[in-house]
Amino acid sequence: MLGVCGGIAAYKMAALTSTLVQRGATVDVIMTDEATKFVGPLTFSSLTARPVYSSLWDAPERIPHIRLVREAQAVLVAPATANVIAKLAHGIADDLLTTALLAARIPIAIAPAMNSAMFEHPATLANLATLTGRGYEIVDPDEGFLAERERGVGRLAPEEWLLEALARMLARTQSLRGKRIAITAGPTREAFDPIRFVSNASTGATGIELAREAAARGGDVTLLLGPTALQPPPGVRVIGFTTAQELYDAAMREVLDADLTIATAAVADWRPSTRSESKLKKTDEDLDVRMVRNPDVLAALGERKGKTFLVGFAAETDDHEANAREKLRRKHLDAIVVNDVRGERGFGAGPNHLTLLYGERGRRDLGTAEKRALAARLLDALEELMCS
Ligand code: CTP
């Protein structure tokens, strides 16, 4: 899908559309109202042999904003104006293009084109950084002659760069086809009476985003998901668990023959030794709860692993990498992802920082970003390691 916005470079999208059609792509074009002032929709509908959409009200009964992004494999917004970039960064959906993009769960590339001063404005740069953090691919503008008869940065990226960005996104949509992927996510709850339990701050967000991304890449995904308020992604087989023992049983049944297993679950290391059948009544005495060890699910998978590529997470507050390397060896993992959880950072929404460690000395910094973008970066890196 192409999103064409109101900039002079809109005319260049006709040539790009023609190239894509000649290469066998099915292309849907959404134009903003402003874009139609630069190029007529007929140009694009002639090239694509499909209707061009610019209004939410063109054929509302067909719900175009949802249907178009569901049918597409990837979106390129080019030329992307400062205004559309700002709207996307802030979740504003006031026309067909911005509404469709808010509903999109497919890879999105943004190719800005505007005057240098607008491109270099801190607001535009901050909005682009927000979008990068959410996993959008930004195709940087080129430098050269601008419509204002000045030279500077802000020209729409050349067609070749746009085609490369599309090719990268499309390759990603197929990269895990035929692979079985198992992901554990969320906290466990270890009850000591019917309503009280020991748990932790995990929301399962990291594992859910990994499952979403792995499914978007064509993988056959099983998500073992602990108690959480978050919704699992569509198109993924979900197996629920509450306790560490339930996760262990499900993992032994479901995970052993996966091609890739990623353990993000925050498993309680101990559980109360007894569980009262009825609610413990309050007394004036202190309550002693004895805790006994839970099975280490990941270590057990490491001992039994056949062909699966096994990846653990290490939630650390101190000596992050040394501790994680020790877990990598002890649990017989192929790779481990270090997650800094000081002050509950790393839990729930908000940006996170991940580092991937593998082999004796292998290390890759995945940077700081929203969980969705980090999920894509982590899968890119793991796919590379699995192939090497
Ligand atoms: N893990 C597991 N079963 C457990 C404990 C941890 O499967 N009983 C997995 C987690 O899903 C994660 C990895 O092991 O992928 C590391 O978890 P973490 O809590 O960081 O490490 P622990 O082994 O529990 O070590 P420690 O608590 O001492 O840091």
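Ligands are counted one by one from 1 in listed order, and the atoms in each one are counted from 1 as well.
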Notebook entry, point to check: For E383 and S175, does a side-chain donor sit closer than 3.5 Å to a side-chain acceptor?
Noted result: yes
Next item on the list: From the options G207, P295, A251, select the one whose nearest heavy atom is closest to atom 8 (N) of ligand 1.
Entry: P295
Notebook entry, point to check: Hydrophobic clusters join Ile, Leu, Val, Met, Phe, Trp and Tyr when side-chain heavy atoms are under 4.5 Å apart, directly or via other members; which others share one with F192?
Noted result: V198, W270, L280, L287, V289, M291
Notebook entry, point to check: For ligand 1, which atoms sit closer than 4.0 Å to a heavy atom of A265?
Noted result: 10 (C), 11 (O)
Margin query: Under 4.0 Å, counting heavy atoms only: does D296 come that close to any atom of ligand 1?
Written below: yes
Note to self: Which residue and atom name correspond to the protein heavy atom nearest atom 17 (O) of ligand 1, and how close is it?
What the structure shows: F313 O, 3.6 Å
Next item on the list: State, with a plain yes or no, whether a side-chain heavy atom of R67 is found less than 4.5 Å away from one of Y53.
Entry: yes
Note to self: Donor-acceptor check, side chain of R293 to backbone of D269, threshold 3.5 angstrom: yes or no?
What the structure shows: yes
Margin query: Return the closest protein heavy atom for atom 4 (C) of ligand 1 as residue, atom name and distance.
Written below: V267 CB, 3.5 Å
Check: Under 4.0 Å from ligand 1, counting heavy atoms only, is it the side chain of V297, its backbone, both or neither?
Finding: both
Margin query: So if I count the atoms of ligand 1 from 1 in the order they appear, which ones are less than 4.0 Å from some heavy atom of D269?
Written below: 4 (C), 5 (C), 8 (N), 24 (O), 27 (O)
Checklist line | Distance filter under 4.0 Å to A314 heavy atoms, resulting ligand 1 atoms | finding: 20 (O)
Notebook entry, point to check: Heavy atoms of the protein only: does one fall short of 4.0 Å from atom 19 (O) of ligand 1?
Noted result: no
Item checked: For atom 25 (O) of ligand 1, the protein heavy atom that lies nearest, with its residue and separation -> K327 CE, 3.4 Å
Item checked: atom 7 (O) of ligand 1 [closest protein heavy-atom partner, distance rounded to 0.1 Å] -> L298 N, 2.8 Å
Check: Is the backbone N or O of A268 less than 3.5 Å from a side-chain atom of T188, with the two atoms forming a donor-acceptor pair by type?
Finding: yes
Margin query: Among all protein heavy atoms in this structure, tell me which lies nearest to atom 14 (O) of ligand 1, with the distance rounded to 0.1 Å.
Written below: K331 NZ, 3.0 Å
Item checked: Matching residue for H65 among T98, L96, I30 - test: side-chain contact (heavy atoms from CB on, under 4.5 Å) -> L96
Item checked: Distance-only polar pair, side chains of T308 and T261, donor-acceptor under 3.5 Å -> yes
Note to self: Using a 4.0 Å cut-off to any heavy atom of A263, which atoms of ligand 1 qualify?
What the structure shows: 11 (O), 12 (C), 15 (O)
Notebook entry, point to check: Is D380 salt-bridged to R217, cutoff N-O under 4.0 Å?
Noted result: yes
Notebook entry, point to check: Which atoms of ligand 1 are found less than 4.0 Å from any heavy atom of A315?
Noted result: 20 (O)
Item checked: Heavy-atom closest pair, residues D334 and Y358 -> O-CB, 3.5 Å
Next item on the list: Check each atom of ligand 1 against the heavy atoms of G312 and keep those under 4.0 Å away; list them by number with element.
Entry: 15 (O)
Notebook entry, point to check: Can E209 and R212 be counted as an ion pair, charged N to O under 4.0 angstrom?
Noted result: yes
